[in-house]
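Read through the structure below, which is laid out as structure tokens, and then see the notes.
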Amino acid sequence: MADIKKLAEELVNLTVKEVSELANVLKEEYGIEPAAAAVAVAGAAAGAGEEAAAQTEFDLILKSAGGSKLAIVKLVKEMTGVGLKEAKELVDKAPAAIKEKVSKEEAESLKTQLEEAGAEVELK
């Protein structure tokens with residue numbers, strides 16, 4: 001069996017693009033939905049024996065654009081500083097990380113803005 005601690009460390013250090021690719025592989029090759037994969041990854045990281053510390057950095061995950069996709073694309077564009085095309089691609093491939101390693105205050109503020117526009121958002 002693989003070294004669990006090493007596996008957990010590798011999972012924690014994945015980029016947004018790598019997480020997206022991992023979700024696609026798990027879904028296409030193994031039939032595991034991305035939400036289930038996130039639970040499995042979170043469980044693996046928690047089970048690795050790492051100490052539970054107060055979380056200071058959060059990832060803002062767009063789960064669904066909701067009914068007003070155009071408004072969400074515009075908000076994502078403003079929040080991330082990417083072009084319109086890149087923002088649309090992020091929204092289209094939801095669930096996707098919009099911002100990573102932001103403070104709790106910033107994450108909650110961005111989450112509120114997106115939810116008010118009709119999006120479904122999660123903080124991790």
Side-chain angles (χ1 to χ4, degrees):
M1 178 163 205
D3 181 7
I4 300 299
K5 194 166 194 164
K6 181 180 176 189
L7 177 62
E9 186 177 312
E10 288 176 16
L11 290 173
V12 170
N13 292 320
L14 291 177
T15 64
V16 174
K17 183 177 180 181
E18 291 169 334
V19 169
S20 177
E21 290 172 4
L22 174 62
N24 287 336
V25 168
L26 290 173
K27 183 175 181 179
E28 293 171 6
E29 293 185 21
Y30 300 99
I32 300 172
E33 291 297 320
V39 170
V41 168
E50 297 177 9
E51 293 181 21
Q55 187 172 355
T56 58
E57 294 181 332
F58 294 83
D59 294 343
L60 183 67
I61 310 296
L62 176 68
K63 294 177 77 179
S64 165
S68 184
K69 185 176 172 184
L70 182 58
I72 303 303
V73 170
K74 288 180 180 180
L75 273 173
V76 168
K77 179 183 179 292
E78 290 174 18
M79 291 175 179
T80 60
V82 298
L84 188 59
K85 180 181 177 187
E86 291 83 5
K88 182 182 180 304
E89 289 172 355
L90 272 173
V91 172
D92 285 343
K93 69 178 183 181
I98 302 300
K99 295 277 275 187
E100 292 184 311
K101 297 183 179 180
V102 295
S103 69
K104 182 175 184 177
E105 294 79 22
E106 181 181 0
E108 288 178 349
S109 171
L110 296 174
K111 179 182 180 195
T112 301
Q113 291 177 35
L114 286 165
E115 286 177 339
E116 286 175 356
E120 186 178 340
V121 184
E122 175 183 15
L123 294 180
K124 287 189 178 186

> Quick one: which of Ile72, Val91, Leu60 gives a side chain to side chain contact (heavy atoms under 4.5 Å, CB included) with Ile98?
Replying inline: Leu60

> With side chains defined as the heavy atoms from C-beta onward, is the minimum distance between Glu28 and Val25 less than 4.5 Å?
Replying inline: no

> For Glu10, what residues pass the salt bridge (Lys or Arg N to Asp or Glu O under 4.0 Å) criterion, not counting sequence neighbours?
Replying inline: none

> Where is the tightest heavy-atom contact between Thr80 and Val82, given as atom of each residue plus distance?
Replying inline: OG1-CG2, 3.0 Å

> Do the side chains of Leu84 and Leu75 join up, straight or via other hydrophobic residues, at under 4.5 Å, putting them in one cluster?
Replying inline: yes

> Does Ala107 have any side-chain contact (heavy atoms from CB on, under 4.5 Å) partners at least two apart in sequence or in another chain, and if so, which?
Replying inline: Phe58, Val102, Leu123

> side chain to side chain donor-acceptor pair (under 3.5 Å): which pairs involve residues 59-76, sequence neighbours left out?
Replying inline: Lys69-Asp92

>> For Glu115, give me all partners under side-chain contact (heavy atoms from CB on, under 4.5 Å), at least two apart in sequence or on another chain.
In response: Lys111, Val121

>> Which residues pass the salt bridge (Lys or Arg N to Asp or Glu O under 4.0 Å) test with Glu108, not counting sequence neighbours?
In response: none

> Do other residues, nucleotides or ligands put more than 12 heavy atoms under 6.0 Å from Lys101 NZ?
Replying inline: no

>> Show the nearest heavy-atom pair for residues Met79 and Lys99, with the distance to one decimal.
In response: O-NZ, 3.3 Å

> To the nearest 0.5 Å, what is the distance between CD (Glu57) and CD (Glu106)?
Replying inline: 11.0 Å

>> Measuring only between side-chain heavy atoms, which start at C-beta, is Glu78 closer than 4.5 Å to Gln113?
In response: no

> Looking at side-chain heavy atoms only, is the closest gap between Leu62 and Leu90 below 4.5 Å?
Replying inline: no

> Looking at Ile61 and Pro95, what are the two nearest heavy atoms and their distance?
Replying inline: CG2-CB, 4.4 Å

> Quick one: side-chain contact (heavy atoms from CB on, under 4.5 Å) partners of Lys85, sequence neighbours excluded?
Replying inline: Glu89

